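Not measured: the values here are computed from a predicted model. In what follows, chains are A, B, ... by sequence order, proteins preceding strands, each numbered from 1.
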There are 2 protein chains.
Amino acid sequence: MLHEEVVSRVRYMLMEGEIPPGARVPERDLCLTLGISRTPLREALKVLAAEGYVVLLPNRGARAAKLTQKDIQDLFEVCESLEAAAGELACLRIADEKVDQISVLHREMVKHYQSRDLPQYYRCNRLIHQAIVDAADNAVLASLYESVTTRIRRARFVAPMPPSHWELAVHEHEAILNALQRRDGTGLSHILRRHLRHKREAVERAGFAESSQPVEQQAKPTRRAAAG
Amino acid sequence: MLHEEVVSRVRYMLMEGEIPPGARVPERDLCLTLGISRTPLREALKVLAAEGYVVLLPNRGARAAKLTQKDIQDLFEVCESLEAAAGELACLRIADEKVDQISVLHREMVKHYQSRDLPQYYRCNRLIHQAIVDAADNAVLASLYESVTTRIRRARFVAPMPPSHWELAVHEHEAILNALQRRDGTGLSHILRRHLRHKREAVERAGFAESSQPVEQQAKPTRRAAAG
DNA sequence: TTCGGAAAATTTGAATGCAAAAATGGTCAA
DNA sequence: TTGACCATTTTTGCATTCAAATTTTCCGAA
């Protein structure tokens, strides 16, 4: 019970950048912070290593995994295939009520777009994509999708969405909903692919801008200047 | 170092059915068998749980995950998408030498088919599919593919391959190699999908035959052999 | 000063110990 | 005979402990 909690909390810390990519994950400090002993923390770190959030160096502890541009590219490529697959399967299996629910979410999202409420827009956006994946009714797919999108989200670029891209995204979502209503699996998968590719292009533009100031916090020679 | 070793060994035991699906994984016994203490074993079990090989019940230990027919279906569906994606990406990125290597593997595989050497045929088969995934040059994709195929392999049905299916598989592999040589990503992904769907149908037929004798061995002590 | 090396301190990996929860077994009553 | 209840045993989850490896610090020599 505790161990699951620890995995969630540390994963969250990694996601939020509280532990920056490349930084060491000091067992002792985290134990104090979380108020637990090393055993459950170490178990959690092993799990997070299996999930790809940290890398374990033998006898040298854990480091928060770094997300290179290539890593992000890889994640997006896989995410694209997973979403496309979800779209196809969803069209085979989704119930009318579920489509209606997504339709409601869609209209809500458009409203947030019109009022330029980005956080709420993102919320609906995620719920829609998640609903499509859920409608695919495939636990493995859902699990991998969760893992991949979470890792992508970790590379959170706070770049504002360009208006033209936002408008395009909304248009694509119209097409997504339409294909879903028509149960056009092939069409839906194509739209989802294009949609994600556009998002990826936007993220990559933001990412390149961001990468000018690397957050290297790993092997810095911290010379304590006679502090005691 | 020890912990990695333990993960591998226990995963192997689960793969091989030494610990049958649904059976309890007794910490103490495994510690004695492996000659280690509970700490590294427990860490390994957490990792295997994250990988989907075991399920952890709070205060009730670990059980080897059961593979239902639905689980296998889910795994095959995802595997299909991953292979298709790998095929598309591989055609974009693969070097000529790599294609030649796969071509060599292919011819070797055909020879094993002609001499009806099933184990060697399977070996080449796997190497070819693995080579295509590697050629996609996507670490995330490779990792997920590894995970999914390993889990599928766990549901090993020792059913002999029907000659007609075997012949079809070889023909499909001709087409796979051909598409790869032509760098026809779309074509390759379609062939890979069809190829895997055929395999899945074969496995499902074998699976249904097998499922007549349920392998429920969960609340029983794991008595091996004594096959006289 | 700067470099090299050895001792001290910190940190990691694994074993053991301890309290709590669950499984087991046995007794008694209906 | 069956079923319920309680004590015993086993197992699990986490904390603590111990040895080994690594990092840091200190000191002397070039």
Side-chain angles (χ1 to χ4, degrees), chain A residues 1-11 13-14 18-20 22-51 53-65 216-228, chain B residues 1-11 13-14 18-20 22-51 53-66 216-223:
Chain A
M1 209 60 139
L2 177 54
H3 134 265
E4 271 298 333
E5 178 72 17
V6 174
V7 170
S8 297
R9 288 201 52 183
V10 178
R11 181 163 43 204
M13 295 172 85
L14 291 163
E18 270 180 67
I19 303 169
R24 290 191 52 188
V25 183
E27 285 185 8
R28 198 174 147 279
D29 297 1
L30 261 182
C31 288
L32 291 175
T33 307
L34 301 175
I36 56 172
S37 82
R38 283 176 54 219
T39 307
L41 176 63
R42 286 174 54 78
E43 291 175 352
L45 288 177
K46 298 284 190 298
V47 172
L48 292 170
E51 291 179 3
Y53 287 98
V54 303
V55 289
L56 300 177
L57 298 91
N59 289 317
R60 270 193 271 170
R63 277 181 185 283
E216 285 302 315
Q217 201 158 343
Q218 59 173 31
K220 62 177 176 184
T222 29
R223 303 282 294 176
R224 288 199 196 175
Chain B
M1 212 57 146
L2 177 55
H3 134 265
E4 271 298 332
E5 178 71 17
V6 174
V7 171
S8 297
R9 288 202 52 182
V10 178
R11 181 163 44 206
M13 294 172 85
L14 290 163
E18 271 180 65
I19 303 169
R24 292 189 52 189
V25 182
E27 286 185 6
R28 200 174 147 282
D29 295 2
L30 261 182
C31 288
L32 291 175
T33 306
L34 300 174
I36 57 173
S37 81
R38 282 178 53 219
T39 306
L41 176 63
R42 286 175 54 79
E43 290 176 353
L45 288 177
K46 299 282 190 298
V47 171
L48 292 171
E51 291 179 4
Y53 287 99
V54 302
V55 290
L56 300 177
L57 297 91
N59 290 318
R60 269 193 269 167
R63 275 182 185 282
K66 276 197 273 194
E216 285 303 313
Q217 204 160 346
Q218 59 180 47
K220 272 190 283 185
T222 43
R223 297 194 296 162

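The two residues V25(A) and A64(A) make their nearest non-hydrogen contact at CG2-N, 3.8 Å. A pairwise comparison of heavy atoms in R11(B) and L48(B) identifies CB-CD2, 3.7 Å as the closest pair.
Side-chain contact check for L45(A) versus E27(A): some heavy-atom pair is nearer than 4.5 Å. A 4.5 Å side-chain heavy-atom check between E43(B) and K46(A) finds at least one atom pair inside the cut-off. Within the 4.5 Å cutoff, no side-chain heavy atoms of R9(B) are placed close to those of V6(B).
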Taking only N/O atoms, report every protein-nucleotides 15-22 of chain D pair under 3.5 Å with atom names and distance.
{"residue": "dA15(D)", "atom": "OP2", "partner": "S37(A)", "partner atom": "N", "Å": "2.8"}
{"residue": "dA15(D)", "atom": "OP2", "partner": "S37(A)", "partner atom": "OG", "Å": "2.4"}
{"residue": "dA15(D)", "atom": "O5'", "partner": "S37(A)", "partner atom": "OG", "Å": "3.3"}
{"residue": "dA15(D)", "atom": "N7", "partner": "T39(A)", "partner atom": "OG1", "Å": "2.9"}
{"residue": "dT16(D)", "atom": "O4", "partner": "T39(A)", "partner atom": "OG1", "Å": "3.3"}

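For the pair L45(A) CG and dT12(C) P, the interatomic distance rounds to 9 Å; values are reported in whole Å. Distance, E43(A) CD to dG13(C) P: 13 Å, rounded to whole Å. One atom, CD of E4(B), and another, C1' of dT12(C), lie 16 Å apart when rounded to the nearest Å. Taking atom CG of L57(B) as the reference point, atom C1' of dA22(C) lies 12 Å away to the nearest angstrom. Look at CG on L41(B): it is 13 Å from P on dT11(D), rounded to the nearest Å. Computed from coordinates, the R28(B) CZ to dT12(D) C1' distance equals 13 Å when rounded to whole Å. The distance from atom CZ of R42(B) to atom P of dT16(C) is 16 Å, rounded to the nearest whole Å. Whole-Å rounding puts the D29(B) CG to dT10(D) C1' distance at 11 Å.
For the pair R24(B) and dT12(D), the criterion of a side-chain N or O lying under 4.0 Å from OP1 or OP2 is met.
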Show the atom names and distances, to 0.1 Å, of all donor-acceptor pairs under 3.5 Å that link a side chain in residues 28-35 of chain B to residues at least two apart or in another chain.
{"residue": "T33(B)", "atom": "OG1", "partner": "D29(B)", "partner atom": "O", "Å": "2.9"}

